[in-house]
Amino acid sequence: MSYILETRDLHYIYPDGTHVLKGINFKVKEGEMVALLGPNGAGKSTLFLHFNGILKPTKGEVLIKGKPIKYNKEGLIKVRKTVGLVFQNPDDQIFAPTVLEDVAFGPLNLGLSKEEVERRVKEALKAVGMEGFEDKPPHHLSGGQKKRVAIAGILAMEPDIIVLDEPTAGLDPLGASQIMKLLYELNKQGKTIIISTHDVDLVPVYADRVYVMYNGQILKEGTVKEVFEDVESLRKAHLRLPRVAHLVEILNKKDNLNLKMGYTIGEVRRNILEYLKEKC
Ligand code: ADP
């Protein structure tokens, strides 16, 4: 089996001696949408910084399309064309005086023609729904809009893999669900998407596969169902069940129903309707 992104026994120790990643084996197939779940401090951001070569492993390796990252200038340019990383805080990513200049920055640095840069910027802003904001200074935008601009900046590089560190952090519920829908659309268009989050309510709606990380290690990996059925690993990682799954638990335990478990509203709704049909 070949993976578009893979880490093998990845360890990372910060210069102050903090051993953050302790043997991470993380595998993503082309076209997947994978979520990395874990509490604050688990090591999610540190792991993501390895995916496009910003950090170099203390031990182990990162492979992109089956080939280990080379940490020379050429190798790093190559990996950053393939893997786009969206930071948790858009203020760490957006720095140009206007939205247009910001989104154009990456493609300009690739040495592309003016026409090609214009095409990419236009398409990227359209994809994230930020057309018409070209001349705005980014610091006049809302949190959700800034996040969109940061994503547009990455899209304009046309990477195959988009990695987003806590894409819904700091957004209101509408902003968060808009960003997740955008990522879902990008995934349907063929982009491989990797997100980190501790939002267990959003994950099952969108992710094909989930990794659970705690204290620098992967505790569990599997489909949404497999991961949420492993209540012990979730508890260890200080995570909870999605609220809708918790409701099913309560209905079954306290109200003596016999509902099939589900992890999204759609799934639980179908299970309730099925249950009612059988009962009536
Ligand atoms: P997460 O993204 O899951 O919240 P991080 O990767 O940000 O986790 O942090 C994991 C651990 O690494 C934390 O204990 C954090 O304090 C530590 N850490 C992060 N950055 C540094 C750094 N530059 N130097 C030393 N320790 C760091």
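Just follow the structure's listing: the first ligand is 1, and inside any ligand the first atom is 1.
Between H19 and H11, the ring planes lie tilted relative to each other; the angle falls in the 30° to 60° range.
Contact residues for ligand 1 (protein heavy atom closer than 4.0 angstrom to any ligand atom): Y14, D16, T18, V20, P39, N40, G41, A42, G43, K44, S45, T46.
Sequence neighbours left out, the pairs with a member in residues 86-109 that pass side chain to side chain donor-acceptor pair (under 3.5 Å) are D91-K146, T98-E101. Residue pairs that meet the salt bridge (Lys or Arg N to Asp or Glu O under 4.0 Å) test with at least one member in residues 122-135, sequence neighbours left out, are R119-E123.
At least one side-chain heavy atom of L239 sits under 4.5 Å from a side-chain heavy atom of L37.
Salt-bridge formation is not detected for the pair R269/E267: no Lys NZ or Arg NE/NH1/NH2 atom is positioned less than 4.0 Å from an Asp or Glu carboxylate oxygen.
Not counting sequence neighbours, the partners of K114 by the salt bridge (charged side-chain N to carboxylate O under 4.0 Å, His left out) test are E118.
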